[in-house]
Amino acid sequence: MSSELSDELSRDRPNDLTPAQIASLQQHATTVAHHAYAPYSNFHVGAAVLLTDGTIVTGCNVENASYRLTTCAEQTAITSAVALHGPGIRIRAIAVANLNATASQPCGACRQTIHEFSTPDTIVFYPAEAGTIAQATIAELLPAAFLLNQ
């Protein structure tokens, strides 16, 4: 799923999202979580990636009987964004939601994947305790990111 928020975005402060923008991003993540394929864990997760051009791309987790082959929602959304828009995408923010009403931050592999297409200031929204939404920058979530010197 993809949609535009371009009219609402502030180009001067790319990571200054309004409460309405955050709520919209979170709603996209929650909506796509209903499409998750999670017959083994019943842990349905959705992610919505807001690209710097205002496009939102979503993804959900897709489990596999061989647990190691499960794909997380964040990675699915980012992979879809690359497939749709090319490898030059940059993530402005990402929202993660689950249908289990439990706190859950992105896993380490997802943090590294988010980092690959982000700036240190990219905001990550994720479920926290008591049904609240927490936020952190990707630099805060992954302070020692793996980087290749090119």
Side-chain angles (χ1 to χ4, degrees), residues 1-38 41 43-63 70-148 150:
M1 174 194 305
S2 140
S3 66
E4 296 290 328
L5 286 179
S6 298
D7 295 340
E8 300 176 31
L9 300 178
S10 166
R11 298 292 180 205
D12 298 330
R13 294 171 32 184
N15 289 325
D16 188 21
L17 298 173
T18 68
Q21 291 168 323
I22 295 167
S24 175
L25 196 61
Q26 202 65 45
Q27 183 57 50
H28 277 82
T30 300
T31 298
V32 75
H34 288 278
H35 295 280
Y37 177 72
S41 71
F43 196 72
H44 296 79
V45 182
V49 174
L50 174 60
L51 302 178
T52 54
D53 71 358
T55 303
I56 294 176
V57 181
T58 61
C60 59
N61 59 317
V62 178
E63 293 182 348
T70 294
T71 305
C72 296
E74 300 92 325
Q75 292 178 332
T76 301
I78 293 168
T79 301
S80 293
V82 171
L84 289 169
H85 301 284
I89 65 158
R90 287 295 162 258
I91 300 170
R92 179 176 174 195
I94 184 168
V96 181
N98 67 64
L99 304 182
N100 300 75
T102 186
S104 60
Q105 295 182 359
C107 73
C110 287
R111 293 176 193 205
Q112 184 66 44
T113 303
I114 294 165
H115 183 274
E116 187 78 16
F117 296 98
S118 296
T119 69
D121 295 328
T122 294
I123 302 168
V124 181
F125 300 96
Y126 54 90
E129 297 297 324
T132 62
I133 303 298
Q135 73 178 58
T137 65
I138 191 60
E140 292 168 333
L141 289 175
L142 190 63
F146 180 77
L147 301 171
L148 287 178
Q150 296 181 2

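This is a predicted model, so every value here is computed, not measured.
- With hydrogens and angles left out, the side-chain atoms of Thr30 and Gln26 include no donor and acceptor closer than 3.5 Å.
- With values rounded to the nearest 0.5 angstrom, Leu142 atom CG is found 10.0 Å from Thr113 atom OG1.
- The heavy-atom pair separating Glu116 from Arg90 by the smallest distance is O-NH1, 4.1 Å.
- Taking every heavy atom of both residues into account, Ala95 and Ala29 meet most closely at O-CB, 3.5 Å.
- A donor-acceptor pair is defined here as one N or O able to donate and one able to accept, closer than 3.5 Å; no such pair exists between the side chain of Ser41 and the backbone of Ala38.
- Of all heavy-atom pairs spanning Ala97 and Pro127, the tightest one is CA-CG, 4.1 Å.
- Under a 3.5 Å cut-off, the side chain of Glu74 and the backbone N or O of Val96 do not form any donor-acceptor pair.
- A donor-acceptor pair shorter than 3.5 Å cannot be found between the side chains of Thr137 and Asp121.
- Taking all atoms of both residues into account, the shortest heavy-atom contact from Tyr126 to Ser104 is CB-O, 3.6 Å.
- Side-chain contact check for Cys72 versus Pro106: every heavy-atom pair is 4.5 Å or farther apart.
- When atom types are taken as modelled, the side chain of Thr55 and the backbone of Leu51 share no donor-acceptor pair closer than 3.5 angstrom.
- When side chains are defined from C-beta on, Arg111 counts as touching Gln105, because their heavy atoms get closer than 4.5 Å.
- Residue His28 forms a side chain to side chain contact (heavy atoms under 4.5 Å, CB included) with just one option from Val57, Leu50, Ile56, and that option is Ile56.
- Using modelled atom types, one finds no donor on one side chain facing an acceptor on the other under 3.5 Å when comparing Thr102 with Asn100.
- Listed here is the closest heavy atom pair of Ala48 and Leu25: CB-O, 3.5 Å.
- Looking at Gln112, its side chain does come within 3.5 Å of a backbone N or O of Phe146 through a donor-acceptor pair.
- In this structure the side chain of Ile78 reaches within 4.5 angstrom of the side chain of Ile91, judged on heavy atoms.
- One finds the CZ atom of Phe117 at 12.5 Å from the CD1 atom of Ile138 (value rounded to the nearest 0.5 Å).
- Asn61 places a side-chain N or O within 3.5 Å of a backbone atom of Val45 that can act as its donor or acceptor partner.
- Contact detail for Ala77 and Gly59: the closest heavy-atom pair is CB-N, 3.5 Å.
- Contact check for His115 versus Leu147: side-chain heavy atoms found under the 4.5 Å cut-off.
- Distance check: Gln135 CD to Ile94 CD1 gives 14.0 Å after rounding to the nearest 0.5 Å.
- Remark: Thr70 engages no residue in a side-chain hydrogen bond (donor to acceptor under 3.5 Å, both in side chains) (not counting sequence neighbours).
- Within the model, atoms SG of Cys60 and CG of Asn98 stand 13.0 Å from one another, a figure rounded to the nearest 0.5 Å.
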